[in-house]
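Inspection log for the structure reproduced underneath, given as structure tokens.
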Number of protein chains: 2
Amino acid sequence: MRKENSSNAINKEFLHRSCKVNEAMDLISGRWKALIIIFIGEKTNRFSLLKAVLGNISDQTLGRQLKELENAKLITRTIIPGVPVRVDYELTEKGKSLLPILDALEEWGIT
Amino acid sequence: MRKENSSNAINKEFLHRSCKVNEAMDLISGRWKALIIIFIGEKTNRFSLLKAVLGNISDQTLGRQLKELENAKLITRTIIPGVPVRVDYELTEKGKSLLPILDALEEWGIT
DNA sequence: TACTATGCTCACTAAATTGGGAGTTACTCA
DNA sequence: TGAGTAACTCCCAATTTAGTGAGCATAGTA
């Protein structure tokens, strides 16, 4: 976990106070997060499906990033009872509203 | 430096091949890069000025991020002879074209 | 001669992120 | 009883990124 008064953490705080861009960047800057958001938007929205399309992501990292996205309220997590239990992830409105920006970023990356 | 065949580096490669978004994200995902781009766009475009507005950034980190942005062709570096020598950073067209996206991200972060 | 300013660079350390592999829960089918 | 599946979760080690403190080159000022 983060030590709240390391200079690293202090600088992160500073960046958040000084500019909302950095707060936003933080939410989507995990290595796989942008791709996870895009895939969930395309209905590749379960743990095992994501794992399959994301190639070499580790279980732990996928779990962590999903949890972070959930905490950031970009996705929701719905447990579907059954055997075995399934879990559906869906984009929230906030998550959906990020898609055009990711598209713009992709477009920008290509040109 | 990066070890080119660590699984970390391999995954990064995979992400770049599979989705341009990640390549784009990489270019702007340093802790201070978004802010540096914005400031340079606003003419806070010298090393010492950036250092002043960025608070606690270390010389080395600022130097590194500027160099990375230069390598990514988002900024240019111009040495202005004089005493002492000054260096001006400017956004390239590519860099400028990122500003609307950062604005959108900021807007998204606020709402 | 000492000191200042700009814009770095280097070796080293600390912190944050990611990955590997095994273990867990809960229920079903053979 | 044993195997299988989905979706995690834990410990630990590897990797990547950021920060610290010092030093350097140049030229001008006190």
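Order of the sequence lines sets the chain letters (A, B, ...), proteins ahead of strands, with each chain counted from 1.
When rounded to the nearest whole Å, the span between CD1 of B:Ile57 and C1' of D:dA18 equals 9 Å. Atoms CG (A:Leu15) and P (D:dT17) sit 17 Å apart, rounded to a whole Å. The interatomic distance linking B:Met25 (CE) with D:dT17 (P) rounds to 13 Å, in whole Å. For the pair B:Lys51 NZ and D:dA18 P, the computed distance is 16 Å after rounding to whole Å. Distance CG (A:Asn8) to C1' (D:dT20): 12 Å, rounded to an integer number of Å. At whole-Å resolution of the value, CG in B:Leu69 and P in D:dT17 are 14 Å apart. Computed from coordinates, the B:Trp32 CH2 to C:dA16 P distance equals 14 Å when rounded to whole Å. Here C:dT18 presents its P atom at 10 Å from NZ of B:Lys12, a figure rounded to the nearest Å.
Between C:dG19 and B:Ser7, no contact under 4.0 Å exists linking OP1 or OP2 to a side-chain N or O. In terms of phosphate contacts, B:Ser58 brings no side-chain nitrogen or oxygen within less than 4.0 Å of OP1 or OP2 of D:dA18. For C:dG19, the OP1/OP2 oxygens have a side-chain nitrogen or oxygen of B:Asn11 closer than 4.0 Å.
Residue B:Phe47 is grouped with residue B:Val85 when hydrophobic side chains (ILVMFWY) are merged at heavy-atom distances under 4.5 angstrom, including chains of intermediate members.
In this view, A:Arg64 and A:Thr61 satisfy the side chain to side chain donor-acceptor pair (under 3.5 Å) rule, not counting sequence neighbours.
Here side chain to side chain donor-acceptor pair (under 3.5 Å) pairs that include residues 34-49 of chain A, with residues two or more places apart or in two chains, are A:Lys43-A:Glu90.
For the pair A:Lys20 and B:Trp108, the NZ or CZ position fails the cation-pi test of under 6.0 Å to the six-membered ring centre and within 45 degrees of the ring normal.
Among the protein residues, A:Gln65 comes within range of the sugar-phosphate backbone only, with heavy atoms under 4.0 Å from sugar or phosphate atoms but none that close to a base. Looking at heavy-atom distances under 4.0 Å, A:Gly82 makes no contact with the nucleic acid at all.
With a 4.5 Å cut-off on side-chain heavy atoms, B:Leu50 and B:Ile57 do not count as touching.
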Dump the pairs, protein N or O against N or O of nucleotides 3-11 of chain D, anything under 3.5 Å, distances to one decimal.
{"unit_1": "D:dA7", "atom_1": "OP1", "unit_2": "A:Arg46", "atom_2": "NH1", "d": "3.3"}
{"unit_1": "D:dA7", "atom_1": "OP1", "unit_2": "A:Val87", "atom_2": "N", "d": "3.1"}
{"unit_1": "D:dA7", "atom_1": "OP2", "unit_2": "A:Ser48", "atom_2": "N", "d": "3.1"}
{"unit_1": "D:dA7", "atom_1": "OP2", "unit_2": "A:Ser48", "atom_2": "OG", "d": "2.8"}
{"unit_1": "D:dC8", "atom_1": "OP1", "unit_2": "A:Arg77", "atom_2": "NE", "d": "3.0"}
{"unit_1": "D:dC8", "atom_1": "OP1", "unit_2": "A:Arg77", "atom_2": "NH2", "d": "2.4"}
{"unit_1": "D:dC8", "atom_1": "OP2", "unit_2": "A:Tyr89", "atom_2": "OH", "d": "2.4"}
{"unit_1": "D:dC8", "atom_1": "N4", "unit_2": "A:Asp59", "atom_2": "OD2", "d": "2.8"}
{"unit_1": "D:dT9", "atom_1": "OP2", "unit_2": "A:Lys67", "atom_2": "NZ", "d": "3.1"}
{"unit_1": "D:dC11", "atom_1": "N4", "unit_2": "A:Gln60", "atom_2": "OE1", "d": "2.9"}
{"unit_1": "D:dC11", "atom_1": "N4", "unit_2": "A:Gln60", "atom_2": "NE2", "d": "2.9"}

